[in-house]
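Data block below; observations after.
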Protein chains: 2
Amino acid sequence: MAGRAAVPEVIWSRPERTGRGPRPAFTRADIAAAAVRIADAEGLGAVSMRRVAGELGCGTMSLYNYVPRKEDLYELMMDAVSGEHELWEPSGDWHADLVRVAHQTRALMHRHTWLPRLMSPVYGFSPNALRYLEHCLACLDPYDAPYGTKMELVAMVNGVVTTYVANEIATAERTRTLPWSEEQENATRLAYLGRQVASGAYPRLAASFAEDAGPIDLEAVFERALTRVLDGFA
Amino acid sequence: MAGRAAVPEVIWSRPERTGRGPRPAFTRADIAAAAVRIADAEGLGAVSMRRVAGELGCGTMSLYNYVPRKEDLYELMMDAVSGEHELWEPSGDWHADLVRVAHQTRALMHRHTWLPRLMSPVYGFSPNALRYLEHCLACLDPYDAPYGTKMELVAMVNGVVTTYVANEIATAERTRTLPWSEEQENATRLAYLGRQVASGAYPRLAASFAEDAGPIDLEAVFERALTRVLDGFA
DNA sequence: GCGCACTACGTACGCTGTACGTAACTAGGA
DNA sequence: TCCTAGTTACGTACAGCGTACGTAGTGCGC
């Protein structure tokens, strides 16, 4: 009966295997992989304890031997995808290296579209997250500043990438989720917006829409946001 | 039986009152206020259709006459708090005005800690959100740039504020939610982190922790992040 | 070899969003 | 003026959720 009490612990400080009892049937990596597979295919909402257990081929409650709370399952998932970051030998040009980091993070988030939603400093201390952070700091070796500033820079870049991709994904996801077609949705929203803007209450918004800038190049917007942030530090 | 079909519509383009049938017992504002009250007091997780209906004193399913899906309830909440933004006459100094906007947004998010979690471009077109956006653009009148750039600037400032406050809140919330004390939590996490860092695998992280910078002034960090972003545009 | 810590898992509880059926009500058109 | 169609109101029901708890069975450390 012991060992089931609510003891304060990060899941990473809990040993995966204690020695006593039957051999665990799965590793944490197995569990994380299963959860990530489900989230990638069917969205974060499909990740439930029952579903993950089903994927692993075990009873629902057995999962609680490995993962005491669902939040820990999220932590496992975040660590697993953090491990997908490619870590290279810093080039000596920290600006270029950080741009590369940002692009890789963005690609990672597009591969795992649930990632921005879980992004939080709470999950920032898993083993693979630490490895990633260390790599960012290594890229910043040529940048002459106290570590406090470097941390702020990394946080800023990560924040911008997260915000940006979250927006990309939210707009994309919404049209896929809704029970009516994308054209209908856009038409309704545009009609509403047009009515609002045409009311004359928002002259600058109206001017903004009238400003013919052609189709928005989202890629370029991302690039600009990134360089602006980095320039703010150089 | 008609009218219950899945018709594509933004809730804002659906009239609040059509004329036929009994007088509605509540306005959208009533519903939004109730939901916001619950979320402020007990967190976003406590906001359920049943709970809101209970707060309003009506049956659960009656709420669906006003709010077709739960996501629309969120949209009402976001609009309600967007209306709390103070809109002033622009001073002519767009830099100062945007800093003021950022501070107000941060204060707003601290008043409604669930706000960053719901932040998404999806909710960016409610009446009060449009009013807020128009105000930001008015503040940017002295900034000589195409509206596209102004929009990017506003998005960037909002993004930074959201990310920053989300982190503030996540760390604060976590300690309040957990079933053990803050000291225990911090001790466990620090012990784990210390063990990792002491392993020698993360030399720069170790150096960063060793760098004695005194207690971190979060207020100053926020200020720096803000001015850096604004400087990137000036 | 004994005992204990661990794994495994079924059952159950209270919660969620919401589809659907039914009854009461009221404003617009004939 | 009356009829009827569109709305409001709301109870019931269903599938799914996280997880507390009880009960077996298993194998390592003493």
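No hydrogens, no waters, no symmetry mates; every other heavy atom, side chains included, goes into these values. So you know, we letter chains A, B, ... as the sequences are listed, proteins then strands, and number each from 1.
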Kindly list each side-chain donor-acceptor pair under 3.5 angstrom involving residues 195-202 of chain B, sequence neighbours excluded, with atom names and distances?
from    : atom 1 : to      : atom 2 : distance (Å)
S199(B) : OG     : Q196(B) : O      : 2.5
S199(B) : OG     : A201(B) : N      : 3.3

Within the structure, does a side-chain N or O atom of Y64(A) lie under 4.0 Å from either OP1 or OP2 of dG18(D)?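 Result: no.
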Is S62(B) near enough to dT8(D) that one of its side-chain N or O atoms lies under 4.0 angstrom from OP1 or OP2? no
Counting N and O atoms only, with roles assigned by atom type, does the side chain of Y66(B) sit under 3.5 Å from a partner on the main chain of P24(B), one being a donor and the other an acceptor?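 Checked: no pair found.
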Rounded distance (Å) that lies between atom [atom2] of [N] and atom [atom1] of [X]:
X      : N       : atom1 : atom2 : result
E71(A) : dC17(D) : CD    : P     : 19 Å
M61(B) : dA19(C) : CE    : C1'   : 7 Å
N65(B) : dC20(C) : CG    : P     : 15 Å
R28(A) : dT7(C)  : CZ    : C1'   : 15 Å
K70(B) : dC15(C) : NZ    : C1'   : 12 Å
L63(A) : dC17(D) : CG    : P     : 13 Å

Quick one: does N128(A)'s side chain get under 4.5 Å of M78(A)'s, heavy atoms only? no
Need to verify one output field. Residue with the more 5' nearest nucleotide on DNA chain D, R20(A) or T60(A)?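 Checking each residue's closest nucleotide, the 5'-ward one belongs to T60(A).
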Going by salt bridge (Lys or Arg N to Asp or Glu O under 4.0 Å), name the pairs with one or both residues in residues 122-138 of chain A, residues two or more places apart or in two chains. E134(A)-R204(B)
Salt bridge (Lys or Arg N to Asp or Glu O under 4.0 Å) contacts touching residues 104-125 of chain B (sequence neighbours left out): E84(B)-R111(B), R106(B)-E168(B), R106(B)-E219(B)
For DNA chain C, the residues among residues 41-51 of chain B that have a non-hydrogen atom under 4.0 Å from it: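 V47(B), S48(B), M49(B), R50(B), in order of number.
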Under 4.0 Å, heavy atoms only, any strand: does F26(B) hit a base, just the sugar-phosphate, or nothing?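 It contacts nothing in the nucleic acid.
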Could you work out, with side chain to side chain contact (heavy atoms under 4.5 Å, CB included) as the rule, every residue matching M109(A), not counting sequence neighbours? T105(A), L115(A), P116(A), M119(A), V161(A), T162(A), V165(A)
Under the side chain to side chain contact (heavy atoms under 4.5 Å, CB included) test, which residues partner A80(B), sequence neighbours left out?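 A80(B): side chain to side chain contact (heavy atoms under 4.5 Å, CB included) contacts with A32(B), V36(B).
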With sequence neighbours excluded, residues passing salt bridge (charged side-chain N to carboxylate O under 4.0 Å, His left out) with R28(B):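 For R28(B) there are no salt bridge (charged side-chain N to carboxylate O under 4.0 Å, His left out) partners, ignoring immediate neighbours.
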Could you list the residues that satisfy salt bridge (charged side-chain N to carboxylate O under 4.0 Å, His left out) with E55(A), not counting sequence neighbours? R37(A), R51(A)
Find the bend of the helix from dG1(C)-dC30(D) to dA30(C)-dT1(D) as the angle between its two terminal axes (five pairs each), to the nearest 10°.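 Axis-to-axis angle, ends of the helix: 10°.
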